[in-house]
Each structure stands twice: as structure tokens, then as C-alpha cells.
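Down below is the structure, laid out as C-alpha cells.
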Amino acid sequence: MAGILAATLAGASFAAEIQPGLWELVVENRGLDSPDVTSEPITISRCLTEEDAQDPSGVLGGVANPGMADCTYTQRSFSGNTFRFKMRCDGSLGLQARGEVTYSAISMDGSIISMANMDGQAIMLESKITARRRGGC
């Protein structure tokens, strides 16, 4: 699900707020239809340059999500330091998602509700995302 976040935040208007440096991203997934379906948290560290920090997807990039392609927004809005969106991704998962990410210069926290088609079965997931700047590179 972090892959969808990377696509979600690419080009967002709050890029100037993000500070360069070492960032850590943690994604936790759980099934909404089956609460016992969870995954181990995924943690990624990434060094953002000044140029990388202009594109928030750099903070959230690095987690591949097989089956996603051609993600497009169906809605997006900004309110203060919160970005809300709905999007659709073509590909084998046929992913549809809605989410909200709150950010500052040194952190991002958000939640994404996704519905995907896995082997002909609709699966609903909630992904909790936390990203923090940990210092210099």
C-alpha cells in the first residue's frame, strides 16, 4: 500500500514543507473484512536530498506494490496540512482507494482504505502510514 501512497503524494502542493534528510517510513496493513488478516509492519529508510524533498513521493517511495499501474486521482483536496484523496489504479489488482495524510516538515501520518481484486475476490485493507525524519544523511 505504500506504493499507492507514493503515487498519491507525487506533486502535492505541500512539497516545500518537507525537509531533506534521513526519513523512515512504516506501513501497517490489516484486513477490514477479516480483522485477523494483518501483515508485519514494513519499514524503509531513505535519504532525501534537497531535490527529493520537493516531491513527497520520495519520502514514501521504495515499497513496490505488484499489480498496480496507471494510478489516477478521482478526487483530491487540501485543507491546512491534510491531503485527502480518492484514486484508482489499473492493473491486475484493480485497486480503488481513499485516504488522508497529515504532514509537517518532519513527519507524515495517514490512513488509506483500499479495495483490490485478488484472485477474483474483493479484499478491503486499511493501511496506516507513519513517516518521520530521523536526522541528516
Side-chain angles (χ1 to χ4, degrees):
M1 291 299 110
I4 195 170
L5 243 190
T8 299
L9 294 175
S13 67
F14 58 83
E17 298 242 357
I18 306 299
Q19 288 185 8
L22 181 63
W23 281 75
E24 180 180 81
L25 166 74
V26 178
V27 180
E28 298 177 69
N29 297 310
R30 72 178 181 90
L32 290 178
D33 296 334
S34 306
D36 56 321
V37 175
T38 61
S39 69
E40 290 293 318
I42 300 165
T43 303
I44 293 177
S45 294
R46 174 141 184 186
C47 183
L48 278 112
T49 65
E50 192 77 39
E51 184 179 339
D52 293 334
Q54 297 304 308
D55 179 1
S57 68
V59 176
L60 302 164
V63 178
N65 220 3
M68 285 197 321
D70 301 324
C71 295
T72 55
Y73 291 104
T74 57
Q75 273 184 357
R76 46 192 258 163
S77 66
F78 296 88
S79 177
N81 65 340
T82 300
F83 176 50
R84 291 178 182 86
F85 63 91
K86 289 183 181 179
M87 74 176 348
R88 188 185 83 232
C89 299
D90 295 331
S92 63
L93 295 180
L95 190 87
Q96 295 183 35
R98 70 181 188 278
E100 178 175 299
V101 177
T102 302
Y103 57 88
S104 74
I106 59 170
S107 68
M108 291 185 200
D109 291 290
S111 176
I112 298 174
I113 305 295
S114 304
M115 187 173 75
N117 180 354
M118 299 191 77
D119 299 323
Q121 183 178 2
I123 304 291
M124 289 191 69
L125 291 175
E126 179 179 37
S127 301
K128 296 286 186 183
I129 293 92
T130 305
R132 301 278 182 263
R133 185 179 183 278
R134 295 298 185 197
C137 296

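Computation of the quantities below employed the complete heavy-atom set of this structure, encompassing side-chain atoms and omitting hydrogens, waters and symmetry-equivalent molecules. All residue numbers in this chain count up from 1 along the given sequence.
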What I'd like to find out is whether the side chain of [X] reaches to under 4.5 Å of the side chain of [Y], using heavy atoms alone.
X	Y	value
Thr74	Met87	no
Ile18	Met108	yes
Ile113	Met124	yes
Ile129	Ser127	yes
Arg76	Phe83	yes

Rounded distance (nearest 0.5 Å) linking atom [atom1] of [X] with atom [atom2] of [Y]:
X	Y	atom1	atom2	result
Glu24	Ser107	CD	OG	13.0 Å
Arg132	Leu25	CZ	CG	10.5 Å
Asn29	Ile112	CG	CD1	9.0 Å
Thr102	Glu100	OG1	CD	5.0 Å

Check the hydrophobic clustering (I, L, V, M, F, W, Y; side-chain heavy atoms under 4.5 Å; chains of links allowed) and say if Leu32 and Met115 are grouped together. yes
Check whether [X] reaches the backbone of [Y] with its side chain - one donor and one acceptor, N or O, closer than 3.5 Å.
X	Y	answer
Arg133	Pro20	yes
Asn81	Tyr103	yes
Ser79	Thr82	no

Do the side chains of Glu28 and Arg30 get close enough for a salt bridge, i.e. N-O under 4.0 angstrom? no
Could you report the tightest heavy-atom contact between Leu48 and Trp23, atom names first, then the distance?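 So the two residues come closest at CD1-CD1, 3.1 Å.
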Tell me the closest heavy-atom pair linking Cys137 and Leu22, and the distance in Å. SG-N, 3.7 Å
Any chance you could lay out the side-chain contact (heavy atoms from CB on, under 4.5 Å) test for Arg134 and Ser45, step after step, and finish with the verdict? CA-CA 9 Å; Arg134 295 298 185 197; Ser45 294; over 6 Å; no
